[in-house]
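Structure first, commentary second.
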Amino acid sequence: MRDVRLIERDFDPSREMAQFSAAHDAAGGIVSFLGQVRREAGDAAVDMLELRHFGPLTVPGMEALADRALAHWPLAGVMALHRVGQMRPGDAIVLVACAARHRRDAFAAADFLMDHLKSRAWFWKREHTAAGWRWIEPRDEDRADLARWAHIP
Amino acid sequence: MRDVRLIERDFDPSREMAQFSAAHDAAGGIVSFLGQVRREAGDAAVDMLELRHFGPLTVPGMEALADRALAHWPLAGVMALHRVGQMRPGDAIVLVACAARHRRDAFAAADFLMDHLKSRAWFWKREHTAAGWRWIEPRDEDRADLARWAHIP
Amino acid sequence: MLTLLFLGRLEDVAGGPERHVDVAAPVTLSQICAQFDADLAAQISDPTTKIALNGVIVAGDDWRAGDGDELAFLPPVSGG
Amino acid sequence: MLTLLFLGRLEDVAGGPERHVDVAAPVTLSQICAQFDADLAAQISDPTTKIALNGVIVAGDDWRAGDGDELAFLPPVSGG
């Protein structure tokens with residue numbers, strides 16, 4: 001099962017997880033990653049975060065990514081939910097979950113999905129602090145994380 | 001924050017996750033693992049699973065394990081909940097969650113905790129199928145998983 | 001009319017998320033950049049900026065964008 | 001009275017989770033095993049079986065268990 005969605009409004013990750021785990025209660029194990037809006041950027045307090053996407057590419061790219069994970073690991077299901085729009089500190093940004101018979105597969109697939117959502121998916125992020133809006137640039141660390149998966153077709 | 005508990009009755013992992021993520025909404029990322037009772041053992045349908053523990057050692061061992069993770073990775077919080085007693089297919093057995101500023105730390109710590117809960121924590125598991133009760137033996141795979149963490153003090 | 005979309009920080013460089021330009025005939029990237037100020041032209045031409053023509057990533061110089069087309073400029077992403 | 005606890009599959013081998021034995025003086029593992037049938041004695045003595053005396057893991061042969069003590073036999077675990 002593949003559940004990939006862009007989410008326009010604040011969502012409840014625990015409700016999504018409850019539904020996903022009910023749908024995969026025979027899988028054995030479910031690994032999830034939840035990203036939430038941080039309260040600070042360096043020394044500055046973040047009061048808002050905005051995520052933009054590009055309609056023609058963002059969801060198809062996320063679907064292709066989920067399919068890559070499903071093709072490589074024996075997974076019972078994959079969920080990848082990503083917020084867009086304006087968010088407040090503490091709001092959920094991204095929720096990924098992978099269900100598998102063997103937990104190592106679920107861990108690897110969730111890790112893979114997050115590394116790619118961070119630095120390959122078509123999202124642009126900016127933060128608002130007292131100093132105004134600032135676009136977030138990709139980090140070298142993100143690119144290094146991605147290089148770990150070069151062997152996955 | 002360290003939240004380690006033995007749970008005697010069926011629990012709602014999504015409610016536990018909601019509380020954990022609310023408590024750690026400044027952390028950036030939370031990785032969780034949820035283990036549920038499988039519906040089959042080989043070809044046989046499992047109708048019940050039982051987990052036993054040993055009072056003087058089980059919780060102290062889980063706490064020491066959580067402390068080891070907290071000492072090694074920069075984590076904002078760790079939760080490790082483990083059921084004991086009799087469970088039905090689909091019931092939650094184990095829920096681990098790690099909150100961290102950097103998602104790679106949260107992934108590694110959750111993976112570490114699960115490998116140790118599977119093959120080092122003081123739990124004994126048996127399954128009931130049409131053929132009766134059968135104690136689950138540790139698997140070579142579990143021991144191999146554990147060897148990955150030999151460098152963690 | 002050709003629609004130009006500026007994603008992420010390119011929106012700030014372009015002064016807005018979208019521009020519309022009249023084109024007599026299909027144009028190349030160089031011809032489009034000639035209408036931009038130097039800073040925007042440089043960032044648009046940077047190899048880290050991807051270009052999507054009507055929602056499909058294009059590479060190299062063998063494309064033209066004309067009347068009714070949508071051309072999106074996509075700087076490095078930062079999601080998750 | 002000395003309490004013996006059999007965890008996991010040792011419960012089946014021992015025929016129950018718990019036994020109580022009267023001991024005149026503190027006894028060694030060998031002395032306890034001498035009271036068991038061969039199969040149980042072999043499994044109790046196996047190096048993969050850990051032993052906890054009053055909730056503390058003991059190793060080697062330099063311990064004795066006496067009146068009022070609790071001795072638990074812990075076979076390999078299988079949690080999660």
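Below, chains carry the letters A, B, ... as their sequence lines are ordered, and counting in each starts from 1.
Contact count against chain B (heavy-atom pairs under 4.5 Å) is highest for A/Q36 among A/Q36, A/H102, A/E16, A/M17. The residue among A/A110, A/P89, A/P13 with the most heavy atom pairs within less than 4.5 Å of chain B is A/A110. Among B/A18, B/G28, B/A26, the residue making the largest number of heavy-atom pairs under 4.5 Å with chain A is B/G28. When the candidates A/A27, A/S21, A/S14, A/S32 are compared by the number of heavy-atom contacts under 4.5 Å with chain B, A/S32 comes out ahead.
Within 6.0 Å of atom CZ in A/R15, 12 or fewer heavy atoms from other residues, nucleotides or ligands are found, so the atom counts as exposed in its surroundings. For A/R52, the CZ atom counts as densely surrounded, since its 6.0 Å shell holds more than 12 non-hydrogen atoms of other residues, nucleotides or ligands. For B/R148, the CZ atom sits in a packed shell: over 12 heavy atoms of surrounding residues, nucleotides or ligands are nearer than 6.0 Å.
Considering CG of A/L34 and CZ of B/F20, their distance stands at 10.5 Å, rounded to 0.5 Å.
Between B/R103 and A/D111 there is no salt bridge, since no side-chain nitrogen of the basic residue lies less than 4.0 Å from a carboxylate oxygen of the acidic one.
Neither the backbone nor the side chain of B/A97 comes within less than 4.5 Å of any heavy atom of chain A. Only the backbone of B/V37 comes within contact range of chain A, with at least one heavy atom under 4.5 Å from a heavy atom of that chain. For A/D91, no part lies under 4.5 angstrom from a heavy atom of chain B. For B/D145, the parts lying near chain A are the backbone and the side chain together; criterion is any non-hydrogen pair under 4.5 Å. Neither the backbone nor the side chain of B/D12 comes within contact range of chain A; no heavy atom of the residue lies under 4.5 Å from a heavy atom of that chain. Heavy-atom distances place no part of A/A99 under 4.5 Å from chain B, backbone and side chain included.
In this structure, A/R38 contributes its side chain and B/R101 its backbone to a donor-acceptor pair below 3.5 Å.
Side-chain contact between B/E141 and A/R104 is absent, with no heavy-atom pair separated by less than 4.5 Å.
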